[in-house]
Amino acid sequence: MSDVARAAGVSLMTVSRVLNNKGDVSAATRQRVQDVIRQLGYRPSSVARSLVTSRTRTVGLVVPDNANPFFSELARGVEHTAYASGYSVFLCNTEENADREKAVLQTLEDKRVDGVILCSSRLAQPELRAAIAGFPAAVLVNRELDGDGIDTILVDDELGARLATGHLLERGRRRIGFLSGPELSWSSAQRVKGYEAAFAAANVAHSASWLLPCAPTVEGGRAATRELLQRHPGLTALLCYNDLVAVGAIQGCTDLHLSVPASVCVVGFDDIALAALVTPPLTTCRVSRYDLGCEAMRSLLARIDPAAETAPRRVVVHPELVIRASAP
(Lines give C-alpha, C1' and ligand atoms only; values in the text may rest on other atoms or scores of the structure.)
Protein backbone atom coordinates (compact mmCIF):
# COMPACT_ATOMS: atom_id res chain seq x y z
CA MET A 1 0.00 0.00 0.00
CA SER A 2 2.91 2.34 0.71
CA ASP A 3 4.28 1.68 -2.78
CA VAL A 4 0.88 2.42 -4.32
CA ALA A 5 0.45 5.59 -2.28
CA ARG A 6 3.95 6.81 -3.22
CA ALA A 7 3.52 6.11 -6.94
CA ALA A 8 0.05 7.70 -7.03
CA GLY A 9 1.07 10.70 -4.89
CA VAL A 10 -1.66 10.09 -2.31
CA SER A 11 -1.91 9.08 1.34
CA LEU A 12 -2.25 5.52 2.66
CA MET A 13 -5.77 6.42 3.81
CA THR A 14 -6.73 7.34 0.25
CA VAL A 15 -5.44 4.01 -1.05
CA SER A 16 -7.43 2.24 1.66
CA ARG A 17 -10.59 4.13 0.69
CA VAL A 18 -10.16 3.17 -2.95
CA LEU A 19 -9.53 -0.50 -2.12
CA ASN A 20 -12.60 -0.64 0.12
CA ASN A 21 -14.75 1.39 -2.29
CA LYS A 22 -15.35 4.12 0.28
CA GLY A 23 -16.39 7.69 -0.51
CA ASP A 24 -14.46 10.97 -0.08
CA VAL A 25 -12.18 10.26 -3.06
CA SER A 26 -12.53 12.18 -6.31
CA ALA A 27 -13.10 10.26 -9.53
CA ALA A 28 -9.75 11.39 -10.93
CA THR A 29 -7.83 10.36 -7.82
CA ARG A 30 -9.65 7.02 -7.64
CA GLN A 31 -8.75 6.33 -11.28
CA ARG A 32 -5.09 7.26 -10.70
CA VAL A 33 -4.84 4.93 -7.69
CA GLN A 34 -6.53 2.08 -9.58
CA ASP A 35 -4.13 2.54 -12.51
CA VAL A 36 -1.13 2.31 -10.17
CA ILE A 37 -2.59 -0.78 -8.49
CA ARG A 38 -2.81 -2.48 -11.90
CA GLN A 39 0.67 -1.35 -12.93
CA LEU A 40 2.26 -2.64 -9.73
CA GLY A 41 0.18 -5.82 -9.62
CA TYR A 42 -0.82 -5.03 -6.06
CA ARG A 43 -3.25 -7.37 -4.31
CA PRO A 44 -4.54 -6.72 -0.76
CA SER A 45 -3.57 -9.29 1.85
CA SER A 46 -6.63 -11.26 2.97
CA VAL A 47 -4.77 -12.19 6.16
CA ALA A 48 -4.09 -8.55 7.00
CA ARG A 49 -7.68 -7.61 6.24
CA SER A 50 -8.98 -10.36 8.49
CA LEU A 51 -6.88 -9.04 11.37
CA VAL A 52 -8.53 -5.64 10.99
CA THR A 53 -12.09 -6.75 10.28
CA SER A 54 -12.15 -10.01 12.31
CA ARG A 55 -13.59 -11.59 9.15
CA THR A 56 -11.88 -14.06 6.81
CA ARG A 57 -14.65 -14.08 4.17
CA THR A 58 -14.45 -17.88 4.28
CA VAL A 59 -16.92 -20.52 5.47
CA GLY A 60 -16.67 -24.26 6.02
CA LEU A 61 -18.95 -26.87 4.45
CA VAL A 62 -18.71 -30.30 6.08
CA VAL A 63 -20.31 -33.32 4.37
CA PRO A 64 -20.16 -37.04 5.15
CA ASP A 65 -19.31 -38.10 1.60
CA ASN A 66 -18.38 -35.69 -1.20
CA ALA A 67 -18.58 -38.54 -3.74
CA ASN A 68 -22.31 -38.84 -3.10
CA PRO A 69 -24.15 -36.79 -5.78
CA PHE A 70 -26.59 -35.54 -3.13
CA PHE A 71 -23.82 -33.65 -1.34
CA SER A 72 -21.97 -32.54 -4.47
CA GLU A 73 -25.13 -30.85 -5.75
CA LEU A 74 -25.80 -29.34 -2.32
CA ALA A 75 -22.22 -28.03 -2.28
CA ARG A 76 -22.81 -26.36 -5.65
CA GLY A 77 -25.73 -24.43 -4.18
CA VAL A 78 -23.66 -23.40 -1.16
CA GLU A 79 -20.71 -22.28 -3.30
CA HIS A 80 -22.78 -20.29 -5.80
CA THR A 81 -24.57 -18.41 -3.02
CA ALA A 82 -21.33 -17.82 -1.12
CA TYR A 83 -19.48 -16.56 -4.20
CA ALA A 84 -22.27 -14.08 -4.98
CA SER A 85 -21.71 -12.57 -1.52
CA GLY A 86 -17.91 -12.50 -1.70
CA TYR A 87 -17.22 -15.63 0.34
CA SER A 88 -15.05 -18.65 -0.37
CA VAL A 89 -15.93 -22.17 0.78
CA PHE A 90 -13.73 -24.84 2.33
CA LEU A 91 -15.30 -28.22 1.46
CA CYS A 92 -14.46 -30.93 3.98
CA ASN A 93 -15.30 -34.64 3.74
CA THR A 94 -15.70 -36.78 6.87
CA GLU A 95 -16.11 -40.15 5.09
CA GLU A 96 -18.98 -41.08 7.47
CA ASN A 97 -16.52 -41.09 10.38
CA ALA A 98 -17.45 -39.28 13.61
CA ASP A 99 -13.84 -38.83 14.78
CA ARG A 100 -12.88 -37.35 11.43
CA GLU A 101 -15.90 -35.05 11.64
CA LYS A 102 -14.70 -33.67 14.98
CA ALA A 103 -11.16 -33.22 13.60
CA VAL A 104 -12.42 -31.41 10.51
CA LEU A 105 -14.54 -29.04 12.59
CA GLN A 106 -11.56 -28.29 14.83
CA THR A 107 -9.43 -27.49 11.78
CA LEU A 108 -12.06 -25.10 10.42
CA GLU A 109 -12.30 -23.39 13.79
CA ASP A 110 -8.50 -23.02 13.83
CA LYS A 111 -8.71 -21.47 10.34
CA ARG A 112 -11.04 -18.81 11.80
CA VAL A 113 -13.78 -19.33 9.22
CA ASP A 114 -16.70 -16.95 9.64
CA GLY A 115 -19.17 -19.81 9.88
CA VAL A 116 -19.80 -23.46 9.15
CA ILE A 117 -22.50 -25.50 7.43
CA LEU A 118 -22.57 -29.02 8.82
CA CYS A 119 -24.46 -31.63 6.82
CA SER A 120 -25.88 -34.89 8.17
CA SER A 121 -23.70 -34.90 11.27
CA ARG A 122 -22.98 -38.32 12.74
CA LEU A 123 -22.09 -36.90 16.17
CA ALA A 124 -24.16 -37.49 19.29
CA GLN A 125 -25.98 -34.45 20.67
CA PRO A 126 -23.39 -33.47 23.38
CA GLU A 127 -20.48 -33.94 20.95
CA LEU A 128 -22.21 -31.94 18.24
CA ARG A 129 -23.04 -29.10 20.61
CA ALA A 130 -19.41 -28.90 21.75
CA ALA A 131 -18.03 -29.18 18.20
CA ILE A 132 -19.90 -26.14 16.84
CA ALA A 133 -19.76 -23.99 19.98
CA GLY A 134 -16.57 -22.22 18.88
CA PHE A 135 -17.89 -20.93 15.54
CA PRO A 136 -19.26 -17.40 15.15
CA ALA A 137 -22.14 -18.86 13.13
CA ALA A 138 -23.36 -22.35 12.28
CA VAL A 139 -26.13 -23.97 10.26
CA LEU A 140 -27.13 -27.64 10.41
CA VAL A 141 -28.45 -29.50 7.36
CA ASN A 142 -30.46 -32.70 7.84
CA ARG A 143 -29.84 -32.67 11.57
CA GLU A 144 -31.45 -31.01 14.57
CA LEU A 145 -29.90 -30.02 17.87
CA ASP A 146 -32.36 -29.79 20.73
CA GLY A 147 -32.71 -26.53 22.61
CA ASP A 148 -29.79 -24.57 21.14
CA GLY A 149 -31.54 -22.23 18.71
CA ILE A 150 -29.30 -23.27 15.80
CA ASP A 151 -30.54 -22.67 12.25
CA THR A 152 -31.55 -25.98 10.65
CA ILE A 153 -32.35 -26.84 7.04
CA LEU A 154 -34.17 -30.15 6.86
CA VAL A 155 -35.64 -32.54 4.35
CA ASP A 156 -38.95 -33.92 5.63
CA ASP A 157 -37.52 -37.44 5.73
CA GLU A 158 -40.48 -38.84 7.62
CA LEU A 159 -42.89 -37.60 4.96
CA GLY A 160 -40.76 -38.98 2.13
CA ALA A 161 -40.55 -42.45 3.66
CA ARG A 162 -44.26 -42.39 4.41
CA LEU A 163 -45.07 -41.49 0.79
CA ALA A 164 -42.76 -44.17 -0.60
CA THR A 165 -43.96 -46.92 1.74
CA GLY A 166 -47.57 -45.93 1.19
CA HIS A 167 -47.08 -46.15 -2.57
CA LEU A 168 -45.74 -49.70 -2.25
CA LEU A 169 -48.59 -50.73 0.05
CA GLU A 170 -51.14 -49.30 -2.37
CA ARG A 171 -49.57 -51.43 -5.12
CA GLY A 172 -50.20 -54.55 -3.04
CA ARG A 173 -46.65 -54.98 -1.70
CA ARG A 174 -47.18 -55.86 1.96
CA ARG A 175 -43.75 -57.24 2.89
CA ILE A 176 -41.46 -54.24 2.50
CA GLY A 177 -37.85 -54.29 3.64
CA PHE A 178 -35.99 -51.09 4.51
CA LEU A 179 -32.26 -50.65 3.83
CA SER A 180 -32.05 -47.82 6.34
CA GLY A 181 -28.55 -46.40 5.85
CA PRO A 182 -26.00 -45.46 8.54
CA GLU A 183 -27.01 -46.35 12.09
CA LEU A 184 -26.00 -42.88 13.38
CA SER A 185 -27.91 -40.99 10.68
CA TRP A 186 -30.59 -38.59 11.95
CA SER A 187 -32.29 -38.74 8.53
CA SER A 188 -32.42 -42.53 8.72
CA ALA A 189 -34.18 -42.37 12.09
CA GLN A 190 -36.79 -39.99 10.65
CA ARG A 191 -37.34 -42.24 7.63
CA VAL A 192 -37.87 -45.25 9.88
CA LYS A 193 -40.66 -43.26 11.57
CA GLY A 194 -42.27 -42.58 8.19
CA TYR A 195 -41.92 -46.22 7.13
CA GLU A 196 -43.61 -47.42 10.32
CA ALA A 197 -46.31 -44.73 10.11
CA ALA A 198 -47.30 -45.88 6.62
CA PHE A 199 -47.82 -49.45 7.85
CA ALA A 200 -49.87 -48.17 10.79
CA ALA A 201 -52.03 -45.99 8.54
CA ALA A 202 -52.72 -48.95 6.24
CA ASN A 203 -53.35 -51.26 9.22
CA VAL A 204 -50.73 -53.68 7.89
CA ALA A 205 -48.36 -55.58 10.18
CA HIS A 206 -44.60 -55.43 9.68
CA SER A 207 -41.51 -56.81 11.37
CA ALA A 208 -38.55 -54.93 12.83
CA SER A 209 -36.36 -57.64 11.30
CA TRP A 210 -37.20 -56.23 7.85
CA LEU A 211 -34.99 -53.21 8.59
CA LEU A 212 -31.26 -53.44 7.94
CA PRO A 213 -28.73 -50.56 8.31
CA CYS A 214 -26.16 -50.28 5.54
CA ALA A 215 -23.44 -48.07 4.14
CA PRO A 216 -25.05 -45.29 2.01
CA THR A 217 -23.30 -46.47 -1.15
CA VAL A 218 -23.97 -48.74 -4.13
CA GLU A 219 -21.76 -51.42 -2.60
CA GLY A 220 -23.52 -51.06 0.76
CA GLY A 221 -26.92 -51.45 -0.87
CA ARG A 222 -25.87 -54.50 -2.86
CA ALA A 223 -24.46 -56.34 0.13
CA ALA A 224 -27.40 -55.42 2.38
CA THR A 225 -29.92 -56.55 -0.24
CA ARG A 226 -28.35 -59.98 -0.53
CA GLU A 227 -28.26 -60.32 3.25
CA LEU A 228 -31.82 -59.13 3.86
CA LEU A 229 -33.44 -61.11 1.02
CA GLN A 230 -31.61 -64.28 1.96
CA ARG A 231 -32.82 -63.80 5.53
CA HIS A 232 -36.37 -62.90 4.43
CA PRO A 233 -36.97 -64.35 0.95
CA GLY A 234 -40.66 -63.42 1.14
CA LEU A 235 -40.02 -59.65 0.92
CA THR A 236 -41.63 -58.14 -2.16
CA ALA A 237 -40.26 -54.58 -2.00
CA LEU A 238 -37.27 -52.62 -0.72
CA LEU A 239 -37.30 -49.02 0.48
CA CYS A 240 -33.74 -47.66 0.29
CA TYR A 241 -31.97 -44.96 2.27
CA ASN A 242 -30.86 -43.17 -0.90
CA ASP A 243 -30.61 -43.70 -4.64
CA LEU A 244 -27.08 -45.13 -4.43
CA VAL A 245 -28.32 -47.81 -2.05
CA ALA A 246 -31.26 -48.41 -4.40
CA VAL A 247 -28.93 -48.96 -7.38
CA GLY A 248 -27.04 -51.44 -5.23
CA ALA A 249 -30.36 -53.08 -4.31
CA ILE A 250 -31.15 -53.66 -8.00
CA GLN A 251 -27.71 -55.25 -8.41
CA GLY A 252 -28.30 -57.40 -5.32
CA CYS A 253 -31.62 -58.59 -6.69
CA THR A 254 -29.88 -59.53 -9.95
CA ASP A 255 -27.29 -61.49 -7.95
CA LEU A 256 -30.16 -63.48 -6.41
CA HIS A 257 -31.88 -63.96 -9.80
CA LEU A 258 -34.81 -61.77 -8.75
CA SER A 259 -36.46 -59.47 -11.27
CA VAL A 260 -37.13 -55.79 -10.50
CA PRO A 261 -39.99 -54.92 -10.25
CA ALA A 262 -41.73 -58.27 -10.99
CA SER A 263 -40.27 -60.05 -7.94
CA VAL A 264 -39.09 -57.11 -5.83
CA CYS A 265 -39.96 -53.42 -6.18
CA VAL A 266 -37.18 -50.95 -5.31
CA VAL A 267 -37.63 -47.33 -4.18
CA GLY A 268 -34.80 -44.84 -3.59
CA PHE A 269 -34.50 -41.38 -2.06
CA ASP A 270 -33.11 -38.06 -3.44
CA ASP A 271 -33.64 -38.41 -7.23
CA ILE A 272 -30.02 -37.90 -8.22
CA ALA A 273 -29.33 -37.88 -11.98
CA LEU A 274 -28.39 -41.57 -11.91
CA ALA A 275 -31.89 -42.53 -10.72
CA ALA A 276 -33.43 -41.97 -14.15
CA LEU A 277 -30.56 -43.65 -16.02
CA VAL A 278 -30.35 -47.09 -14.40
CA THR A 279 -32.35 -50.09 -15.60
CA PRO A 280 -35.08 -50.10 -14.52
CA PRO A 281 -35.30 -46.35 -13.77
CA LEU A 282 -35.81 -45.70 -10.06
CA THR A 283 -38.97 -44.71 -8.30
CA THR A 284 -37.65 -42.26 -5.71
CA CYS A 285 -38.35 -39.25 -3.50
CA ARG A 286 -37.14 -36.10 -5.22
CA VAL A 287 -35.25 -33.50 -3.15
CA SER A 288 -33.81 -30.28 -4.59
CA ARG A 289 -30.24 -30.56 -3.31
CA TYR A 290 -29.09 -27.35 -4.99
CA ASP A 291 -31.88 -25.33 -3.35
CA LEU A 292 -31.05 -26.96 -0.04
CA GLY A 293 -27.46 -25.70 -0.34
CA CYS A 294 -28.57 -22.19 -1.36
CA GLU A 295 -30.95 -22.01 1.60
CA ALA A 296 -28.26 -23.19 4.02
CA MET A 297 -25.79 -20.56 2.81
CA ARG A 298 -28.39 -17.79 2.95
CA SER A 299 -29.11 -18.75 6.55
CA LEU A 300 -25.40 -18.73 7.39
CA LEU A 301 -24.91 -15.29 5.84
CA ALA A 302 -27.76 -13.96 7.98
CA ARG A 303 -26.10 -15.44 11.06
CA ILE A 304 -22.71 -13.95 10.15
CA ASP A 305 -24.21 -10.46 9.75
CA PRO A 306 -24.16 -8.92 13.27
CA ALA A 307 -26.94 -6.51 12.31
CA ALA A 308 -29.37 -9.24 11.29
CA GLU A 309 -30.50 -10.32 14.78
CA THR A 310 -33.04 -12.74 13.32
CA ALA A 311 -34.65 -15.57 15.26
CA PRO A 312 -33.28 -19.07 14.60
CA ARG A 313 -34.71 -20.53 11.38
CA ARG A 314 -36.04 -24.02 10.81
CA VAL A 315 -36.60 -24.60 7.11
CA VAL A 316 -38.24 -27.86 6.03
CA VAL A 317 -38.07 -29.00 2.40
CA HIS A 318 -40.78 -31.44 1.33
CA PRO A 319 -39.79 -34.35 -0.96
CA GLU A 320 -41.89 -35.38 -3.95
CA LEU A 321 -42.53 -38.99 -4.94
CA VAL A 322 -41.38 -39.68 -8.52
CA ILE A 323 -42.80 -42.93 -9.89
CA ARG A 324 -40.71 -44.87 -12.41
CA ALA A 325 -40.32 -48.47 -13.55
CA SER A 326 -38.58 -49.93 -10.47
CA ALA A 327 -41.85 -49.59 -8.52
CA PRO A 328 -44.61 -48.61 -10.96
Side-chain angles (χ1 to χ4, degrees), residues 19-22 44 46-47 49-64 66 70-94 101-102 104-123 125 127-157 159 186-187 190 287-319:
L19 290 170
N20 292 288
N21 202 28
K22 298 291 181 64
S46 60
V47 174
R49 279 187 167 183
S50 69
L51 291 172
V52 174
T53 64
S54 297
R55 297 276 188 88
T56 61
R57 308 294 295 185
T58 60
V59 298
L61 172 60
V62 181
V63 301
N66 60 6
F70 179 94
F71 294 110
S72 59
E73 186 68 5
L74 183 147
R76 197 168 68 90
V78 169
E79 198 278 331
H80 283 182
T81 306
Y83 181 80
S85 296
Y87 280 80
S88 298
V89 180
F90 292 126
L91 174 60
C92 301
N93 177 35
T94 68
E101 183 178 332
K102 286 187 284 189
V104 160
L105 288 168
Q106 184 60 63
T107 298
L108 289 172
E109 185 178 342
D110 292 344
K111 295 291 185 184
R112 300 294 190 265
V113 296
D114 295 335
V116 65
I117 297 171
L118 178 56
C119 300
S120 303
S121 174
R122 305 307 188 215
L123 299 178
Q125 291 261 345
E127 292 179 308
L128 176 56
R129 189 175 292 107
I132 64 175
F135 291 98
V139 172
L140 299 179
V141 176
N142 284 352
R143 178 64 190 268
E144 286 193 293
L145 189 57
D146 296 337
D148 278 57
I150 300 295
D151 284 13
T152 55
I153 314 296
L154 304 170
V155 174
D156 194 336
D157 292 298
L159 171 63
W186 185 88
S187 290
Q190 301 308 304
V287 177
S288 177
R289 290 85 60 198
Y290 179 84
D291 291 344
L292 207 64
C294 292
E295 194 64 48
M297 189 62 211
R298 283 194 289 266
S299 292
L300 189 65
L301 290 170
R303 283 279 150 250
I304 291 171
D305 182 0
E309 295 185 2
T310 56
R313 302 177 71 221
R314 185 179 186 273
V315 178
V316 180
V317 176
H318 301 294

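All values below come from the heavy atoms of this structure, side chains included, with hydrogens, waters and symmetry mates left out.
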Report the distance from atom [atom1] of [X] to atom [atom2] of [Y], rounding to the nearest 0.5 Å.
X: E101; Y: L128; atom1: CD; atom2: CG; answer: 7.0 Å
X: L140; Y: L145; atom1: CG; atom2: CG; answer: 6.0 Å
X: E79; Y: C294; atom1: CD; atom2: SG; answer: 10.5 Å
X: I117; Y: I132; atom1: CD1; atom2: CD1; answer: 12.5 Å
X: D114; Y: S88; atom1: CG; atom2: OG; answer: 10.5 Å
X: L292; Y: M297; atom1: CG; atom2: CE; answer: 14.0 Å

If I compare all heavy atoms of [X] with all of [Y], which pair ends up nearest, and what's the gap?
X: V89; Y: A82; value: CG2-CB, 3.6 Å
X: C119; Y: L74; value: SG-CD2, 3.7 Å
X: P64; Y: T94; value: CA-OG1, 3.2 Å
X: N66; Y: N93; value: N-OD1, 3.3 Å
X: G86; Y: R57; value: O-NE, 3.5 Å
X: L123; Y: A131; value: CD1-CB, 4.0 Å

Does [X] use its side chain to pair, donor to acceptor, with the backbone of [Y] at less than 3.5 Å?
X: R143; Y: S121; result: yes
X: R314; Y: P312; result: no
X: T56; Y: R112; result: yes
X: N142; Y: V155; result: yes

| request: Among R313, R298, R303, find the residue that satisfies the side chain to side chain donor-acceptor pair (under 3.5 Å) test when tested with D151. | output: R303
Minimum side-chain heavy-atom gap [X]-[Y] below 4.5 Å:
X: T81; Y: L300; answer: no
X: V317; Y: E295; answer: no
X: V63; Y: F70; answer: no
X: L159; Y: V316; answer: no
X: D156; Y: P319; answer: yes
X: Q190; Y: L154; answer: no

| field | Among V78, I153, T152, side-chain contact (heavy atoms from CB on, under 4.5 Å) partner for V141 | value | I153
| query | Does the pair L301 and Y87 meet the rule for a side-chain contact (heavy atoms from CB on, under 4.5 Å), with working shown? | reply | CA-CA 9 Å; L301 290 170; Y87 280 80; 3.6 Å; yes
| message | As a quick check of understanding, evaluate side-chain contact (heavy atoms from CB on, under 4.5 Å) for F135 and L108, giving each step before the final call. | response | CA-CA 9 Å; F135 291 98; L108 289 172; 3.9 Å; yes
| task | Take V104 and F90 through the test side-chain contact (heavy atoms from CB on, under 4.5 Å) and record every step on the way to the result. | result | CA-CA 11 Å; V104 160; F90 292 126; over 6 Å; no
